Amino acid sequence: MTARVPRGFVDRDASELRAQDAMLAKIRRVYETYGFEPVETPVFEYTDALGKFLPDSDRPNEGVFSIEDDDEQWMSLRYDLTAPLARYVAENFETLPKPYRSYRAGYVFRNEKPGPGRFRQFMQFDADIVGAPNVSADAEMAMMMADTMEGLGIPRGQYVIRVNNRKVLDGVLEAIGLGGEENAGRRLTVLRAMDKLDRIGVEGVRQLLGKGRTDESGDFTAGASLSDDEIGFVQQFVEAGSEEDRKRKIQTLIHAMGQGADVLVPLMRAWSEKAQAEAENTARAKANLDDAQITDLLYLFTLHPAGYQSVGETLPVDDNSYFEAHFPDNIYYLKILNTKTVDLYRHHFSKYPSMQEGLNELAAMARMFEEAGYGTQRILIDPSVVRGLEYYTGPVFEAELLFDVTNEKGEVVRFGSVGGGGRYDGLVSRFMSQPVPATGFSIGVSRLMTALKNLGRLETERRIGPVVVTVMDRDRMADYQAMATQLRNALNPKDESGEPLGAPVPVEVFQGNPKQFGKQLQYADRRNAPCVIIQGADEKAAGKVQVKDLALGKELSAQIEGNAEWREARAGQELVDYTPENPEAMIAAVRAILARPSGGGA
RNA sequence: GCGGUUGUAGCUCAGCUGGUUAGAGCGUCGGAUUGUGGCUCCGAAGGUCGGUGGUUCGAACCCACCCAACCGUACCA
């Protein structure tokens with residue numbers, strides 16, 4: 001039988017677990033400052049409580065791990081933390097304060113094909129507000145998400161929280177005649193296509209909206225069979241997110257403006273309502289632009305939503321200083337304000353009332369972001385964001401990392417979203433007769449940890465190893481244990497109420513086969529021990545112990561060549577007084593080594 | 001699910017147009033050294049060559065099917 005971990009699952013060692021603990025503590029800290037409190041639900045739920053399932057099927061819902069209980073009810077491992085929360089809230093509705101703010105971290109399970117960085121068990125860390133109907137709750141969630149990113153040490157500008165609203169997307173779909181139950185399938189196809197813009201480009205999206213697309217591996221994906229006009233409409237909407245398109249259009253405009261650029265660009269930089277009118281006149285009179293081009297100009301220079309930079313670039317705190325520094329010739333100078341983004345969409349799509357409610361909600365959120373001082377560096381309203389195809393009903397958001405992530409092989413991997421969320425007003429009410437609004441988000445802890453490792457923001461420093469009491473004389477184990485106890489107590493002090501002070505300092509007696517003394521030092525070395533205690537017959541007779549500083553010994557050994565000399569030197573050792581009644585000298589010697597930087601005591 | 005690539009020791013990989021007993025480095029373990037880590041030297045263990053079937057006097061190598069992993073793609077509540 002070969003020992004092997006199940007496919008898609010991973011074992012995790014001490015350093016990973018410590019790093020994760022540290023991460024969770026930082027996230028928890030942010031959530032607590034927003035007034036959220038913890039709750040835990042089990043990893044199993046009844047399958048029908050999880051939301052999507054196939055009724056009357058022998059095998060519940062592909063994609064989830066399920067077992068049949070002995071009462072013939074199907075149970076499944078949870079695949080996210082949102083559906084279980086909805087169940088919990090519905091079940092405890094009377095006793096919970098509303099709005100109910102809660103957070104919880106836990107493993108979730110997906111029975112799917114694992115991929116790079118994608119596992120079948122992974123940790124999520126969610127926060128939700130249940131019973132708050134207003135978009136101000138959604139805005140708060142987005143702001144908390146930004147705070148969480150920064151709380152984890154991700155610098156501003158290396159992440160962005162992108163925000164959209166399902167109702168806007170629904171409006172787009174309605175505008176191209178995809179409303180109603182009978183078009184549910186095509187709606188999904190269209191949304192999926194829109195979501196792939198940054199990966200497969202405008203042309204790829206057009207294909208997916210039309211007849212379909214064959215990718216480079218030869219696999220064909222069926223399209224949504226939209227007409228050219230409908231495709232054009234979706235493209236117009238979605239291209240807001242295309243940086244390439246933005247640059248191309250700006251270049252075309254600059255070219256078209258000719259001499260007029262000199263007067264126009266400064267005007268655009270000092271954007272205001274008044275300046276806009278002035279700019280329009282200037283554009284018409286001096287740069288000979290037509291109305292359509294002027295619209296484009298304003299669109300691109302003052303209102304464009306695609307304000308996040310290319311992956312890998314680092315933004316300073318302030319939006320404007322970034323663009324001034326980055327585009328000194330002003331060609332790509334863009335003024336980005338979330339409220340203006342929404343204004344632009346309202347203007348462009350004013351003919352479609354179905355989109356207005358979503359845009360109104362986005363406008364309200366944009367004002368909250370701006371009043372609270374959360375600029376587009378942190379939270380960016382981008383109506384092309386597609387997320388949460390199933391249960392989201394209003395605002396949606398996702399956290400995206402903007403820096404390069406390299407894997408173990410040194411390859412740059414596309415990372416994208418590390419968390420997301422939105423409003424799910426229908427989820428709790430599945431269990432109840434009354435409607436219960438809710439909003440929340442989820443952080444993919446495992447994925448984020450991989451990314452943070454790359455940023456160097458993960459606490460991966462090795463902890464101090466144990467002080468090892470070696471065994472020279474097998475018959476004196478009791479003496480060695482006593483030494484270890486004395487050291488352990490002295491090095492792990494407690495305050496008057498019995499609470500430990502400071503980080504634990506491990507102390508242990510060597511418990512392997514003591515026959516070969518060299519093995520004991522090898523063990524101590526491998527454990528990253530700062531020092532070892534040695535007491536053989538000689539030391540015992542003299543009332544002494546050897547305290548050996550392993551790091552110092554290693555340094556000293558650099559000059560030693562021959563093995564005999566190396567062994568003879570006993571580098572880094574100090575002979576100190578020791579009797580069971582008087583261990584103070586030994587304790588002091590160990591303390592001194594722990595205090596040395598090389599002793600790992602810092 | 002679809003397409004491609006790859007499967008030889010714990011790890012990284014050699015292995016010639018098919019040829020007899022399948023190798024190396026690293027790692028592991030033991031010894032040189034019954035009281036001292038590193039270096040050095042010596043030695044050992046470790047393989048159904050992914051599996052099954054076929055072609056052949058003979059298969060790690062050729063063929064078929066299967067399995068798995070990786071990459072892309074699709075799905076991802």
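Predicted model only: the values in this text are computed from it and were never measured. Here is how names work: the chains are called A, B, and so on, in the same order as the sequence lines, proteins then strands, and each is numbered from 1.
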Exercise for the section: Report which part of the nucleic acid A:Lys113 touches: base, sugar-phosphate, or nothing (heavy-atom distance under 4.0 Å, all strands). Expected result: base
Problem - Whole-Å P distance, B:A44 and B:G25 - result: 13 Å
Handout entry: Value in whole Å for how far the C1' atom of B:C76 lies from CG of A:Leu188
Key = 12 Å
Problem - Integer angstrom distance from the P of B:U36 to that of B:G31 - result: 13 Å
Exercise for the section: Tell me which nucleotide among B:A77, B:G37, B:U36 gets nearest to the side chain of A:Leu550. Expected result: B:G37
Fill in the blank from the handout: Stems in RNA chain B, runs of 3 or more consecutive Watson-Crick or G-U wobble pairs with both distances under 3.5 Å, sorted by first number, are B:1-7 with B:67-73, B:10-13 with B:23-26, B:28-32 with B:40-44, B:50-54 with B:62-66
Problem - For atom CG of A:Leu556 and atom C1' of B:U36, their distance in whole Å - result: 14 Å
Practice task
Please check if any side-chain donor atom of A:Gln20 sits under 3.5 Å from a side-chain acceptor atom of A:Arg12, or the reverse.
Solution key: yes
Practice task
Give a yes or no on whether the backbone of A:Gln520 and the side-chain of A:Thr470 come within a donor-acceptor separation of less than 3.5 Å.
Solution key: no
Handout entry: B:C75 to B:C11 separation - P atoms, rounded to the nearest Å
Key = 35 Å
Problem - Between C1' of B:U40 and CH2 of A:Trp566, the distance in whole Å - result: 14 Å
Exercise for the section: Ignoring hydrogens and angles, state whether a donor on the side chain of A:Gln486 or A:Tyr578 is under 3.5 Å from an acceptor on the partner side chain. Expected result: yes
Could you go through nucleotides 28-30 of chain B and list every protein N or O atom that sits under 3.5 Å from one of its N or O atoms, giving the distance for each pair?
unit_1, atom_1, unit_2, atom_2, d
B:U28, OP1, A:Arg526, NH2, 3.3
B:G30, OP2, A:Lys519, NZ, 3.0

Problem - Verdict with reasoning, A:Glu398 to A:Arg162, per salt bridge (Lys or Arg N to Asp or Glu O under 4.0 Å) - result: CA-CA 5 Å; A:Glu398 71 183 4; A:Arg162 300 200 295 158; 3.1 Å; yes
Exercise for the section: Determine, stepwise, if the pair A:Asp138 / A:Met141 fulfils side-chain contact (heavy atoms from CB on, under 4.5 Å). Expected result: CA-CA 5 Å; A:Asp138 301 283; A:Met141 297 310 293; 5.6 Å; no
Handout entry: B:G35 base / A:Glu539 side chain donor-acceptor hit below 3.5 Å
Key = yes
Handout entry: Distance between P atoms of B:A9 and B:G4 (Å, rounded)
Key = 26 Å
Handout entry: Side chains of A:Tyr480 and A:Asp473, donor plus acceptor under 3.5 Å
Key = no
Fill in the blank from the handout: Looking only at B:G37, B:G35, B:A77, the nucleotide nearest the A:Tyr79 side chain is B:A77
Exercise for the section: Indicate, with a heavy-atom threshold strictly under 4.0 Å, whether A:Ala571 touches base, sugar-phosphate, or nothing. Expected result: base
Handout entry: B:U36 phosphate, OP1 or OP2, under 4.0 Å from A:Arg567 side-chain N/O
Key = yes
Practice task
Kindly point out which of B:G37, B:U36, B:A74 is positioned nearest to the side chain of A:Lys554?
Solution key: B:G37
Problem - Rounded C1' spacing from B:A60 to B:G19 in Å - result: 13 Å
Completion exercise
Taking for A:Gly572 and for A:Leu208 the nucleotide of RNA chain B with the nearest heavy atom, the one nearer the 5' end belongs to A:Gly572
Handout entry: Separation of the C1' atoms in B:U20 and B:U28, to the nearest angstrom
Key = 32 Å
Fill in the blank from the handout: To the nearest angstrom, the CZ-P distance between A:Arg213 and B:G72 comes to 14 Å
Handout entry: Residue list, salt bridge (charged side-chain N to carboxylate O under 4.0 Å, His left out) with A:Lys540, at least two apart or on another chain
Key = none
Handout entry: Distance in angstrom units between A:Lys544 NZ and B:G35 C1', rounded
Key = 18 Å
Exercise for the section: State whether a side-chain donor-acceptor pair under 3.5 Å links A:Gln535 with A:Arg476. Expected result: yes
Handout entry: Pairwise C1' distance, B:G23 and B:C49 [rounded to whole Å]
Key = 12 Å
Fill in the blank from the handout: Across all chains, not counting sequence neighbours, the side-chain hydrogen bond (donor to acceptor under 3.5 Å, both in side chains) partners of A:Asp195 are none
Problem - Row check, A:Tyr103 ring normal vs A:Arg101 NZ/CZ: under 6.0 Å, within 45° - result: no
Exercise for the section: Round to a whole Å and report the spacing from CG of A:Leu50 to P of B:C76. Expected result: 17 Å
Practice task
Can you tell me the distance, in whole Å, between the CZ atom of A:Arg78 and the C1' atom of B:C76?
Solution key: 18 Å
Exercise for the section: Taking atom P in both B:G47 and B:G1, compute the distance separating them and give it to the nearest angstrom. Expected result: 33 Å
Problem - N/O (side chain, A:Arg192) to phosphate O (OP1/OP2, B:C76) under 4.0 Å - result: yes
Fill in the blank from the handout: Between A:Pro514 and A:Phe220, whichever has its closest RNA chain B nucleotide further toward 5' is A:Phe220
Problem - A:Tyr100: partners by side-chain hydrogen bond (donor to acceptor under 3.5 Å, both in side chains), with sequence neighbours left out - result: none
So which protein nitrogen or oxygen atoms get under 3.5 Å of nucleotides 41-44 of chain B's nitrogens or oxygens?
none

Exercise for the section: Among the candidates B:C75, B:G35, B:C76, find the nucleotide nearest to the side-chain atoms of A:Gln546. Expected result: B:G35
Problem - Between CZ on residue A:Arg120 and CZ on residue A:Phe109, distance to nearest 0.5 Å - result: 11.5 Å
Fill in the blank from the handout: Rounded to whole Å, the NZ-P distance (A:Lys548 to B:G35) equals 14 Å
Handout entry: N-O pairing of A:Arg213 and A:Glu203 below 4.0 Å
Key = no
Practice task
Taking atom CD of A:Glu40 as the centre, report whether more than 12 heavy atoms of other residues, nucleotides or ligands fall under 6.0 Å from it.
Solution key: no
Practice task
Classify the nucleic acid contact of A:Ala537 as base, sugar-phosphate or nothing, counting any heavy atom under 4.0 Å across all strands shown.
Solution key: base
Exercise for the section: Give one of base, sugar-phosphate or nothing for A:Gln535, where a contact means two heavy atoms less than 4.0 Å apart. Expected result: nothing
